[in-house]
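Convention: sequence-line order gives letters A, B, ...; per-chain numbering from 1.
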There are 2 protein chains.
Amino acid sequence: MYTLDQVRCFVAVAEHLHFGRAAAALSMTQPPLSRQVQKLERFVGVDLLERDNRRVVLTAAGEAFLDNARVLLAMSDRAPQDARRIASGQWGRLSVGFTAASGFGILGSLVTAIEESFPGIDLDLHEMVTGEQLENLAEGRIDLGLGRLDSTPPSVQSELLLAERLLLAVPKDHPLAHLERPLRKDDVTGQPLIMHSATRATYFYDLLVRHFPIDHHMVRHSLSQVLTMINLVADNHGLAFVPESAALVSVPGVRYLAFEDLSEEIVELKALWNTQTKNPALKQVVSLLRS
Amino acid sequence: MYTLDQVRCFVAVAEHLHFGRAAAALSMTQPPLSRQVQKLERFVGVDLLERDNRRVVLTAAGEAFLDNARVLLAMSDRAPQDARRIASGQWGRLSVGFTAASGFGILGSLVTAIEESFPGIDLDLHEMVTGEQLENLAEGRIDLGLGRLDSTPPSVQSELLLAERLLLAVPKDHPLAHLERPLRKDDVTGQPLIMHSATRATYFYDLLVRHFPIDHHMVRHSLSQVLTMINLVADNHGLAFVPESAALVSVPGVRYLAFEDLSEEIVELKALWNTQTKNPALKQVVSLLRS
DNA sequence: ATGAAATGATGCCTGAAAGGTATCGTGGTC
DNA sequence: GACCACGATACCTTTCAGGCATCATTTCAT
């Protein structure tokens, strides 16, 4: 078998058509260069160069070999570079799971930030609820999640990305949309609600029952997708609690109201990732998120 | 710098995910295999494999390197093979110069024969008169000529490909087309002729003046392309001498007549090549032509 | 819990091969 | 005809690849 060094020797000679100068270009002396080329030719079984004592020319086989040799050397340069870039996280693929709600606000700017900082990282975006994100993180199908949850399992690390207020989406003809005074928590008492699912949107469900006196009789629908909820509000099926960023979606017939007595930014969006993930791109992205 | 052997070692380990079995597959023992992989990793500057004492897995960088490594190895196999094939003449490019007249008959079957016998040889076909073929052979712009000439220069070797009769092309309304008896050489005496050029179609010109009593007053046109001559015959501008193979071209209004007293196959078509040409494909094609 | 097995890494030795210096052989040049 | 240019060869030294023996660590069975 032959070596890449032999190929480099041959290419140098083929380019200079002169052993002495090629040797100088390779920072070596002429005799070992001659031998390396001979050895390569012996392996190939064919003369690649025709040496006259006066001049060196490529044979037809040599021309063909030179073409392949150049590609070979280019690739032999590229392979370690690619590996280094991927190991450093400059290159790679990052699978991101995000909730539909996070898609309204932060997802776009996050994607932009990642693409600007790490143009070598390809993003795979998958919309899924937080519970699915945790499953997929555990099984390594996604590297990063953007979701809402209070406490993370031990295998998952998180970083608070965004905290926002909770708003109430009301149909524009609803009496609450025309109050003379600021809205208060207990105004929703007895109103028909389009609630978050207790199983599929646990975070919102828990958050709401913690802050509001919600009675099961008030719940008209139980959903997990914020956008669907807003559409139902527009069709006058009830009121819905939505994070502030969802208010960016203007749907005709829907108004978003803040609570006077709940101005804290209590709805959190976290970045989630598996502590054991080896994906080097994740490290880069996480350090970006932290800044 | 790293070697192809190191790459082979890495690929084997990456495929087996087991140093011992990979070593066996490479017909070597495990310790040097470990060291080769270590050396490769040291050059790349990045861990390609993650070795636990229990199992071996690829890192993200290792996966990327593996992809490139496979291409690298495939190319390292291919380069010498290509060179060998080209040196043996199985592969290559052959520039062929041919006269328009040879194109009527033998060129098609020749091209077919070459393509069947040597599917790796690409043919470049260039139409040119014999004189141009000799020039281009001398300067290496074509490797093979198909032309008509009596004596070859010393640097050119030739092989007789085809000998054929000389026919007379006549307009179908011409008296000679309706003779009760076979045509004889002296029937053309005094007829208007469309002659071959004395300078650009020397071979035909010399051949004709050797066999026929041709007077300059009879010459109406002086050309080098047989097809043009036949078209002029069709338009009743005179008679033309053409090789038998040109009769394969049926032009309305033209009939081809043989001479009773000139039945020898005196029009020759030769393959011509430069004795110094190094193109290995030529050797193969010449040996094909000889059989 | 403890010993056996599995597996990759290390230490050491030998032989092959790479690179260097000096020199040869052969054409072309003045 | 002496000289020069240039690739090939001879010989030496050093580097490195491969093999054997062994170590260290982890898992599994008893």
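In terms of modelled atom types and a separation under 3.5 Å, the side chain of B:E50 and the main chain of B:V56 share no donor-acceptor contact.
Listed by first and then second residue, the salt bridge (Lys or Arg N to Asp or Glu O under 4.0 Å) pairs involving residues 82-98 of chain A are A:R78-A:D82, A:R93-A:D122, A:R93-A:D124 (not counting sequence neighbours). Within the structure, the salt bridge (Lys or Arg N to Asp or Glu O under 4.0 Å) test picks out the following pairs touching residues 9-28 of chain A (sequence neighbours left out): A:E15-A:R70. Listed by first and then second residue, the ring-ring contact (aromatic ring centres under 6.0 Å, His included) pairs involving residues 46-66 of chain B are B:F10-B:F65 (not counting sequence neighbours). Among residues at least two apart or in separate chains, side-chain hydrogen bond (donor to acceptor under 3.5 Å, both in side chains) pairs with a member in residues 40-49 of chain B are B:E41-B:R51. Each ring-ring contact (aromatic ring centres under 6.0 Å, His included) pair with one or both residues in residues 27-48 of chain A, not counting sequence neighbours, appears once here: A:Y2-A:F43.
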Each nucleotide of nucleotides 25-30 of chain C classed B (base within 4.0 Å of a protein heavy atom), S (only sugar-phosphate) or -, in 5' to 3' order, makes BB-S--
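For B:P31 and A:C9, each mapped to the nucleotide of DNA chain C holding its nearest heavy atom, the one lying further toward the 5' end belongs to B:P31.
Of all the residues in residues 35-47 of chain A, A:R35, A:Q38 reach under 4.0 Å from DNA chain D with at least one non-hydrogen atom. For residues 14-30 of chain B, proximity to DNA chain D is found at B:M28, B:T29, defined as any non-hydrogen atom under 4.0 angstrom from a strand atom.
Annotation: side chain to side chain contact (heavy atoms under 4.5 Å, CB included) contacts of B:D5 (sequence neighbours excluded): A:M1, B:T3, B:R8. Under the side chain to side chain contact (heavy atoms under 4.5 Å, CB included) criterion, B:E115 pairs with B:V111, not counting sequence neighbours.
Using a 4.5 Å cut-off on side-chain heavy atoms (C-beta onward), B:Q284 and B:I114 make no contact.
Running 5' to 3' along DNA chain D, contacts with non-hydrogen atoms of chain B at under 4.0 Å begin and end at D:dC16 to D:dT27.
B:S34 and B:Q38 share no donor-acceptor pair across their side chains, judged by distance under 3.5 Å alone.
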For the pair A:R141 and A:S95, evaluate side-chain contact (heavy atoms from CB on, under 4.5 Å) and give the outcome as yes or no after the intermediate values.
-> CA-CA 7 Å; A:R141 281 194 296 269; A:S95 282; over 6 Å; no
Please list, one pair per line, the donor and acceptor atoms closer than 3.5 Å that link side chains of residues 154-163 of chain B to other protein atoms, with sequence neighbours excluded.
from	atom 1	to	atom 2	distance (Å)
B:Q157	OE1	B:W273	NE1	3.4
B:E159	OE1	B:R290	NE	3.2

